[in-house]
Amino acid sequence: MSSMNAPQREAVMYTQGPLLVLAGAGSGKTRVITEKIAHLIASGQREAKHIAAITFTNKAAKEMRERVAKRVKGDAAEGLTISTFHALGLRFLQQEAARAGLKRGFSVFDSDDQMGIVKDLLPAGTKNDVLERLRGLVSRAKNEALTPEQAAELAKSAVEREAAKLYEKYQARLAAFNAVDFDDLIRLPVLMLEADADFAAAWRERIRYLLVDECQDTNGAQYRLLKQLAGPRGAFTCVGDDDQSIYAWRGAQPENLELLGSDYPNLKVVKLEQNYRCASRILRLANTLIANNPHANPKTLWSDQREGEKIKVWRCENNEHEADRVAAEIDYLNKAKEIPFADFAILFRGNHQSRALEKSLQMLRIPYHLTGGTAFLDRAEVKDALGWLRLIANPEDDAAFLRAITTPARGIGGTSLARLAELAQQHHMPMDRAARQLSILKQLQPRIAAAVSEFTGIVDRLRDEAESVAAPALVRSLVERSGMLDALRAQTKDKAGFERRRANLEELADWFDGPKSAIGDLAAQMALLTHADRGEPGNAVRLMSLHGSKGLEFRAVFLVGLEDGTLPHEASMEEGRLEEERRLLYVGITRAKEHLVLSHSLEAKRWGDTLRLQPSRFLAELPQGDLARDGADPEAEAESKKARGRAHLAAMAALFDKPK
DNA sequence: GGTGAGCTTCTTTAC
DNA sequence: GAAGCTCACC
């Protein structure tokens, strides 16, 4: 506390009314939030159980919980809520399920399930991009907590009217499945709180102080939830930075920061402008870049850190060459400067860019930890197991039913399932129940009916087991009894592949090894876990998207793929949405404490043919005197040649002592 | 009618 | 470079 600067201290101490903290990158905002929680508790102003802090990711929530735990004595932090908006919404709905019109054990649909419904509701053969566009529009309306009627009224084009119609049918389908989607986790609580003042007041009795991090990335629905929970008195602290707003594409409204001022006239604003993270040169780079964006309330981020070395800009032949150079440089810095692997991050625009990097890192035996993309939770076997769990918890979840009954394959194909679905619909019952009706089974082929009954028998036994057994054991049992494991063994040709998948399922079981809540609640929570939340990365280089890097910091940062079309992304260029892309680069640059490398390739292979790439236009916006460019600087060139030589040698060495 | 092999399609970002 | 789709085979 004593080591804080004046505005930080002010942000911590001010609890009399609504507060907005405009916090630049690296200005210690997480610290302010944790200190403030500690202060609220220690000063006796609020009990921990009446405080809720909202973070942007589960991972950030976990980190914050750990920091608060260290800061607060004994069990004073007991009952404190630190979670994402979505996790808070889920908890809300689980507690208020009946009021929300949900039955216990309801499912949370991810975007795949969502897409499944959309596909089902639209004519067969509708193009993928049309489906995606409509799904996006429905989601957009829900992110504003609009009803289907409101969405229809506000529709400005034919496609938006179509989306509004789809929205209505989509909700009916969700309801039939006793399911909600991600957007509902915010939307439903908002509608419920807004509809009933007493109900809202009761919730405000439980949450008496609210802290919201990354406020610039809240969408309309989240902002309304904030207002409902904070109430007219405005017992909240919001922290945000409009320069780090990078989620407009999923409905975030950075103007919510300004809206706070008009919704709460007594709003106090504190600015944190001293950066404690980056070397001065890195900060100058970031400031110069972001000055190209228009600013309503300009702020000046400054730092009294040392100047730091020049920022390297690498021009590479292609992304393999780029990846080799990155790996070689990490290897070199790790050995020569003893920078631990965990202090390195490689950041990119799209998750697919990680592939080449992984290959190069493996070649040099550099441990790495990849977050995001088609990681753990998107693995087929993991989704299958989760589908089973969902079905066990929620018999009305047809999506889960379909997933479970087809994994492993048990001789029931699309035609039969379509028939069963049709019969279920005729009888107005979920498939799980229909599959147990004798009259319905009779209308299927005898062979199919037998297979269906065998399946429902397994489900029944697992439901019984769920009553008595802990979650991890249930997962193991389900993997066994469903026949998944045997099928997996038979399918995978190599033993290693099978073991990997089995390990994934084992890991899934371990994930449930948390506090003892009902299986159904856990299955719903699983849907919220992000790829970024997975496992302990240990001492490994971090690979992640620029979006995923928000809020983190590293001694050395490599920003790869700085080409026009990659960053800024093609689609953003076409739509003239360059500002958010610029902010994305800004976020990336400000992750670095000491070392920063910006690299781009001259060529890329894009399905089949090679295309020439131009360096990112953002490179030209940087202060050129602070850059050490390939070619322009003979010293850097020589260094890069040496690095390549080292990489080659290391790779050769690695080849020779390959472990079995 | 179900299943697996081989084809094509498309690649932002994520709660 | 993987997931989705079609088609031929069982």
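Nothing here was measured: the structure is a model prediction, and the numbers come from that model. For the numbers below, each heavy atom of this structure counts, side chains included, while hydrogens, waters and symmetry mates do not. Just so it is clear: chains get the letters A, B, ... in the order the sequence lines come, proteins before strands, and each one is counted from 1.
Here the side chain of A/Lys119 is nearest to one of C/dC5, B/dG2, B/dA14, namely C/dC5. Nearest nucleotide to the A/Arg355 side chain, out of C/dG4, C/dA2, B/dT3: C/dA2. Listed nucleotides B/dT3, B/dG2, B/dA14 differ in distance to A/Arg447; the shortest reach to its side chain belongs to B/dG2. Ranking B/dT3, B/dG2, B/dT13 by closeness to the A/Asn351 side chain, first place goes to B/dT13.
Contact check on A/Asp181 versus A/Arg135 returns no salt bridge, with no Lys/Arg side-chain nitrogen under 4.0 Å from an Asp/Glu carboxylate oxygen. Ion pair A/Asp110/A/Lys383 flagged as a salt bridge, since at least one NZ, NE, NH1 or NH2 atom sits closer than 4.0 Å to an Asp/Glu carboxylate oxygen. Taking the charged nitrogens against the carboxylate oxygens, A/Glu320 and A/Lys605 do have a contact shorter than 4.0 Å, which makes a salt bridge.
For DNA chain B, none of the residues of residues 219-228 of chain A falls under the heavy-atom distance limit of 4.0 Å.
Residues A/Glu422 and A/Gln443 bring no donor and acceptor atom of their side chains to less than 3.5 Å of each other.
Between the CD atom of A/Glu570 and the P atom of B/dT13 there is a distance of 15 Å, given to the nearest Å. When rounded to the nearest whole Å, the span between NE2 of A/His569 and P of B/dA14 equals 12 Å. If you measure from atom CG of A/Leu546 to atom C1' of B/dT13, you get 9 Å, rounded to the nearest angstrom. Computed from coordinates, the A/Arg583 CZ to B/dT13 P distance equals 18 Å when rounded to whole Å. Atom OH of A/Tyr586 is separated from atom P of B/dT13 by 24 Å (rounded to the nearest Å). Atom CD of A/Glu132 and atom P of C/dG4 are 13 Å apart (whole Å).
Position along DNA chain B of the nearest nucleotide to A/His547 versus A/Thr415 favours A/Thr415 as the more 5'-ward residue.
For A/Leu370 against A/Glu358, the heavy-atom pair with the smallest separation is CD2-OE2, 3.6 Å. Scanning both residues, A/Ala399 and A/Phe109, for their nearest heavy atoms gives CB-CZ, 3.8 Å.
Residue A/Ser416 places none of its side-chain N or O atoms closer than 4.0 Å to OP1 or OP2 of B/dG1.
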Run A/Trp249 and A/His569 through ring-ring contact (aromatic ring centres under 6.0 Å, His included) and show every step you take.
CA-CA 13 Å; A/Trp249 53 272; A/His569 191 271; over 10 Å; no
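Evaluation of A/Trp249 against the base of B/dT13 yields a stacking contact (centre distance < 5.5 Å, interplanar angle < 30°).
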